[in-house]
Structures are given as C-alpha cells and as structure tokens.
2 protein chains.
Amino acid sequence: MNLKQLSHMLALSQTTVSRALNGYPEVNEETRRRVIDAAKRHGYRPNPSARRLATGKTGMIGYVLPTGAAVDIDPHFVEFLSGLGDYARSHELDLVLSPADADDQETTYRRIVANRQVDAVYISSPRPADRRVALVNTLGIPFIVHGRSEGLDFDYPFTDIDNEGAFHEAARLLVQLGHRRLALINGDDGETFAIHRERGVRRALAASGLVLGEGHVCSLVMTEENGYRAARRLLERSDAPTAIVCSSLIMALGVVRAVRDLGLTIPGDLSLIAHDDVFPWLKPENFSVPLSTTRSSIRLAGARIAERLAARISGLEEGARGEVWPVDLVIRGSVAGAPG
Amino acid sequence: MNLKQLSHMLALSQTTVSRALNGYPEVNEETRRRVIDAAKRHGYRPNPSARRLATGKTGMIGYVLPTGAAVDIDPHFVEFLSGLGDYARSHELDLVLSPADADDQETTYRRIVANRQVDAVYISSPRPADRRVALVNTLGIPFIVHGRSEGLDFDYPFTDIDNEGAFHEAARLLVQLGHRRLALINGDDGETFAIHRERGVRRALAASGLVLGEGHVCSLVMTEENGYRAARRLLERSDAPTAIVCSSLIMALGVVRAVRDLGLTIPGDLSLIAHDDVFPWLKPENFSVPLSTTRSSIRLAGARIAERLAARISGLEEGARGEVWPVDLVIRGSVAGAPG
DNA sequence: CGAAAAGACCAAAGCGCTTTGGAAGACTCT
DNA sequence: AGAGTCTTCCAAAGCGCTTTGGTCTTTTCG
C-alpha cells in the first residue's frame, strides 16, 4: 500500500493525502480525518526510503564506533546505549553504528555526513582539542558531545558530569579524615574526564597544602587487571598511600584484590573511593567492604543525549549550550580515618 | 556531485556510468576505466538514499535492542558488537539498532522488515521455541541466530557454541577429581544456552551415577551479586557442593567473594570452573586464584555472524545451515581433588 | 555476402515520497 | 458588483539512483 494507491482510493491527490498525514494546515479537517482513518485502516506507512530521498531526513542518529583488534568497546558504552534506547524507542528513532578504524574515524564521519545517513550524531569519550568535535562542527550536522573537550576555539553542545567537582569532594573528605598521602588510579589521561578528575583531586589536596606525589597517580585503561597492578605498585612503595581514589568500579575490583593479596584491609589500612557509573551487574554496596563512590548514572546520560539530539533534529534546540550534571558522593564502609 | 553531473561531464549516459561503476559486463573496459577514474577524481559517491529507493538494498544489518527500565543490556553484547564491527567496518556495512519494548519486539521486527530498513537481522539470546525466530523466518528477511532455539518446526541458520559439550567436559573433570557433590550456577534458564549447559552437567554426572541435587542448581541473571548470593546459599547447606560450575565470569566474581566471606578457600574447600566469554577487562588468569574456564570468544562469534549475514545478503549463503563451535577447557589453579 | 549474434551505449520509466506553483470556489469588504 | 483574500485541493516537478527496452555498430559464421 503506497501513497498513490491510498490517494486513488480516497479520490484525492497524493499532495493532499501527504499533507493531511503530515499535519499541514492547508487541508480541511474533515478531509484530514478521512485520510488518517483510511491510512490507519489500510495499514499505510510511508516508505522511509522514499521519504528519505525526498526530504533528506532519516529518522536515525549515528555513532561512529571505533573498532579494531586492539580496541575494546567499553562496557560503559552498553549502559549508555540502554539509556539512549530508552528514549529513542518511544520516538521511533533508530541508532546507526558505523564501525570505523579507531585511527581513522574522520573518513567515516565524512561519509555518514556526505551520504546523509543520519540526522545527527553524538560523540563520546572526547579528548582535549578533539578532532572529531571540530570536524563534526564544520560538517554542520547536529551533534551532542557526551563529556567535554577542551581548548577548542568554538563552543559546542555537550552533556557532561562534574568530574572535577566529584573527585574534589572525594579527596576533600579523605583529607578531612586525616589522610595525607592520597593516590589516584585514573582512566586514560588522554581523555578529558580523567584530566578533570585529576584536577579535582589536586585542587582538594592543594587546599590543605598537600600534593599528589610523583608516582601517586596512574592513568590506565580501566580494567580489573590494571586496577590490581596499579594498586599493588602503589601499596608496595615506601610512601604508600593511605587512601586511593579510583576512576572506575571495575578497577576498584582489582584494587580490592591487591589489598587482600598484600594482607592489608579496607578501610583499616587503606580507604577507597571509586567512581560508579551505575552498572546493574556490579554494585558498590556489594563489595565485601561496601565501597564509597562518586555516583552518576551513565544510563541517564544516554537518555538525555538522545532527547537533546531529537530536539536538535527538529529544531527545538539550538546553539552551543553545555550542561554539567552534579555527581553524588555516597559514603559506605570503605573509608575511615587515616591509620596510625 | 551526482550521477547526472558525472555522466554529463563524461559525455556518457547515466545508464552507462551507473553500469560501469556497478561492474556490469555490458560496458567497454576502456570506458569503465575512464568512468571509475573520473568518479574517484571527483569524489563521486552514489547517494545511498537514492540507491536504496531504487534497489531496496540498504547496506545495513539490523538488531532489535530490547530496552526498558527493567531491562539491562548485557555486557556481553558489547563484546559481541566489537566483533561484528570488526567485520562490518571492512565491508562498509552499518549496524542499525532499533530499540524496542522488551515485551513487544514483534512490532519492531515487523516495522523494520516492512520498511525495508535493513538487509538482514540477527537474533541473540534465543529461547526455546523463540517467537522472534519464527517471526523473522516467516517475514522472509535474511537472518542468523546467535545461539540456538529449540522445538521449532523448521530449520534456521545459526552460529552457536557447544555449551552442552563444554559443561559436560568441565563436570566430567570435576567428577574425575573425586567430586561427588557438584553445583551449577547458571544463567537465566529461559535461554537455550543455560538449558544446554545444565544438560551437559547432568550428562557428565549421570555417567558416574551421580545427579545434580535438588537445590544444587541456580538459574539467575548473571550479575556479581547473584553469583554471591547463589554461592552463599549453596555453601551454607549441609550438603554443600565441593565444586561449582558457573556460567559467567562476572558471577564467578561473586562466588569468590562468598567463599572468602565464609572463610573457605579455593581450591582447598571448593573447586570452581566458570565460562569465559573473553572480556578484555576481566580475565580469569587474574583472579586471586587463577580461574579454570570453558572459553569461547564472543567477539569472534560477532565477526562470524557479520560475515554470514553479509554472505546471505549477497546470496552467497543460503539454506538453514547451523554451525556449532567447540569450546576450550582451560585448567588453572581453581580446581583440585575433592576435599577429605 | 547476407543474416544473425554480440558489443556498446542510451532515453526514459520507474522507486514512493515531498513540495512548488498554481487554480477553483467560497467569502469578505468597500 | 468587482476586487481581493481565504480555503482547499491538484498536477507535475523534483530527489538521485537502477533497470528496462531499445538502437546502432561491429563481429561472426554458414
């Protein structure tokens, strides 16, 4: 059932039927009702390919997915995706993942824009002076950045959490509890979020005349193994930290293991606070010693970004507005006063 | 730059240019070279929307993504996706995720097929007599099932691993080591893979005249927390198992925690084998006691399924061929002879 | 050498929608 | 009553590609 058949059946022109269905004003309400009714009754659905060719709109949002043997898609991604899906579903938006060589995403961005394959894109895990942000900005496709870049000479729309504030709070609490030697086990410091977190910790320490010691900050891909190694290395130092702030729950898993292996205890020998993106399958309250966290649902962020993308596509949102979400600090058993 | 302009520039008809570019035989090789060359030089890329309207082909594969507040996308999904992306990237295939209400995926499947939104789809986490498989089969779109259903009255193409064989081997080894009371901490037993795994364990036990005791098998969503709870419940029984086979590494994390909380040790008091889908961020060899596993890379499965889908789209693969991959059994420190 | 076959190309008809540029009739206003 | 204004509808022109159904040469072969 296509438009031609439907309009013939109603003894109307395609123009009128199309307009009636798309809510244009220049059609009699009585006629519109007839059309809508007939369309429903015959299960007419406009062919998206045709509509796409005519309008250029696709009803899809895009994401360039870095892949490659050496590239691991972050488990955070899936949680973000859940949120995106939550929103997209109720708006019949689909998501197009375009896999790209991690080292050459630019080509893919250009392709999906040139081909008009999607109405908007989002960018995640931005870095300082991120080239993707610059590219997408000049290509002129609607977009939102999940997180922030830095040092770009233009503004852009983003949704981020207050990483600096969160880690500032966490570190401040530890200092207040008497800790003098803090360490930070961070994510890849090429990414802005990690930079912000480190900045937050340093600022909190500086407020009490302390510094983040040389060798007391690690930047690693966030795996359990890296958490273990980093913690082990830290705790075996002569100036071992008495408190660690950690960028991910998965790494915290490794930290806990290292602590145990070394015959130490949490929070007796070491206080630990980690960032929690809220995974349904790994909860800080279920750690053997319940883990204190800075918490922000990455899933909610996904939903929000889908919402903003939809708004941008339909022209409801414009400009380079950035939004920064506050982060909760949730205290559980893994923090205590400094030992000794 | 569109076809019209390009053909005008070459003083050829659109027909000839189109055919030259698409490899049709009825065009002079010399002409073809000229055309291809000019296309490249001017950066001509056929508009996919137009091609789509004309041919019905989209160059995309689809996946209906169950979403909803109560639905968690499995972290396995992302690993699978990596594999899919690895292949898709090199073939300029995109992946369309269509979020759907978890309780009504049927509507979405019908929509994407009716709308010709994708050339093929894959189905994951199938259940016995899975309605999605039946639906997709009748809708007539190319598809591959990742895993297997059961009790369907037709054949269908799938790629699965030998879950039954793997868990049979694991259980057999434990029995050989003298274990008499095994337990199985399984995934959601609505899904076929869990059923197969249970079957494997039971078969191995039966071969030695043993059975999987009432209460010695748990079926749960695969989270750390559920692993902990299940293990705790099992180990506090009067007839506590001396060995556990576990369906996921994430659950195994919980098992390890429960063992420790109860003051027990691995493998002294309990032998443990878990299934490993090969996550880059959580490795069995890095457990405090290195974990024995049945191992199969879900990422490789993703790549394979992309490959088969591409083959089906282009007509290179047909029929309902199913393939079952063998699973490795990797022995590490977490297994030992039965205590006592 | 003439008929049939093969080779190389083209004009035009879709694919199914949106949108432009009217046109016809009904209504208002002076 | 005639000019202007709405209201409501339509024919036809795209959107940019593929594909059908030719035409015109050139080659092959009995």
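Below, read A as the first sequence line, B as the second, and so on, with proteins coming before strands; counting in each chain starts at 1. FYI, side chains are in, hydrogens and waters are out, and symmetry mates aren't considered; it's all heavy atoms of this structure. Keep in mind it's a predicted model, so treat the numbers as computed, not measured.
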Review point. A:R45 or B:P25: which one's nearest nucleotide on DNA chain C is closer to the 5' end?
Key: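 Counting from the 5' end, the first nearest nucleotide belongs to B:P25.
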
Exercise for review: Please tell me which of A:Y24 and B:A50 maps to the more 5' nucleotide of DNA chain C, matching each residue to the nucleotide holding its nearest heavy atom.
Suggested key: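 Whichever sits nearer the 5' end wins; that is B:A50.
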
Spacing of [X] atom [atom1] relative to [N] atom [atom2], expressed in whole Å:
X	N	atom1	atom2	result
B:L12	C:dC10	CG	C1'	10 Å
A:H8	D:dC10	NE2	C1'	14 Å
B:R33	C:dA8	CZ	C1'	16 Å
A:L6	C:dC17	CG	C1'	13 Å
B:R32	C:dC9	CZ	C1'	13 Å
A:Q14	C:dT18	CD	C1'	10 Å
B:E26	D:dC24	CD	P	19 Å
A:R19	C:dT19	CZ	C1'	6 Å

For [X], answer base if it contacts any base atom (sugar-phosphate contacts may also be present), sugar-phosphate if it contacts only those atoms, and nothing otherwise; contact means non-hydrogen atoms under 4.0 Å.
X	result
A:T15	base
A:A20	nothing
B:R52	nothing
A:S49	nothing

OP1, OP2 of [N] versus side-chain N and O of [X]: anything below 4.0 Å?
X	N	value
A:S13	D:dA11	no
B:S18	D:dT18	yes
A:N28	D:dT8	yes
B:Y44	D:dC17	yes
A:T16	D:dT8	no
B:N2	D:dC15	no
A:T55	C:dT18	no

Review point. Should we say atom NE2 of B:H8 is surrounded by more than 12 heavy atoms from elsewhere, each under 6.0 Å from it?
Key: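 Count not over threshold, so no.
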
Less than 4.5 Å apart, any side-chain heavy atom of [X] and any of [Y]?
X	Y	result
A:P66	A:Q105	yes
B:D94	A:P99	yes
A:V133	A:F154	yes

Review point. Can you check whether A:F80 and A:Y122 have ring centres sitting under 6.0 Å from each other?
Key: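 So the answer is yes for these two rings.
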
Check your understanding: Does a side chain donor of either B:T159 or B:R308 reach within less than 3.5 Å of an acceptor in the other side chain?
Key ->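 B:R308 and B:T159 do have a side-chain donor-acceptor pair below 3.5 Å.
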
**Study point:** Per A:L53 side chain, nearest of listed nucleotides D:dC15, C:dT18, D:dC17
**Key:**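 Closest nucleotide among those given: D:dC15.
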
**Study point:** Nucleotide nearest A:A54 when distance is taken to its side chain, options C:dC17, D:dG16, C:dC9
**Key:**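 Nearest listed nucleotide: C:dC17.
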
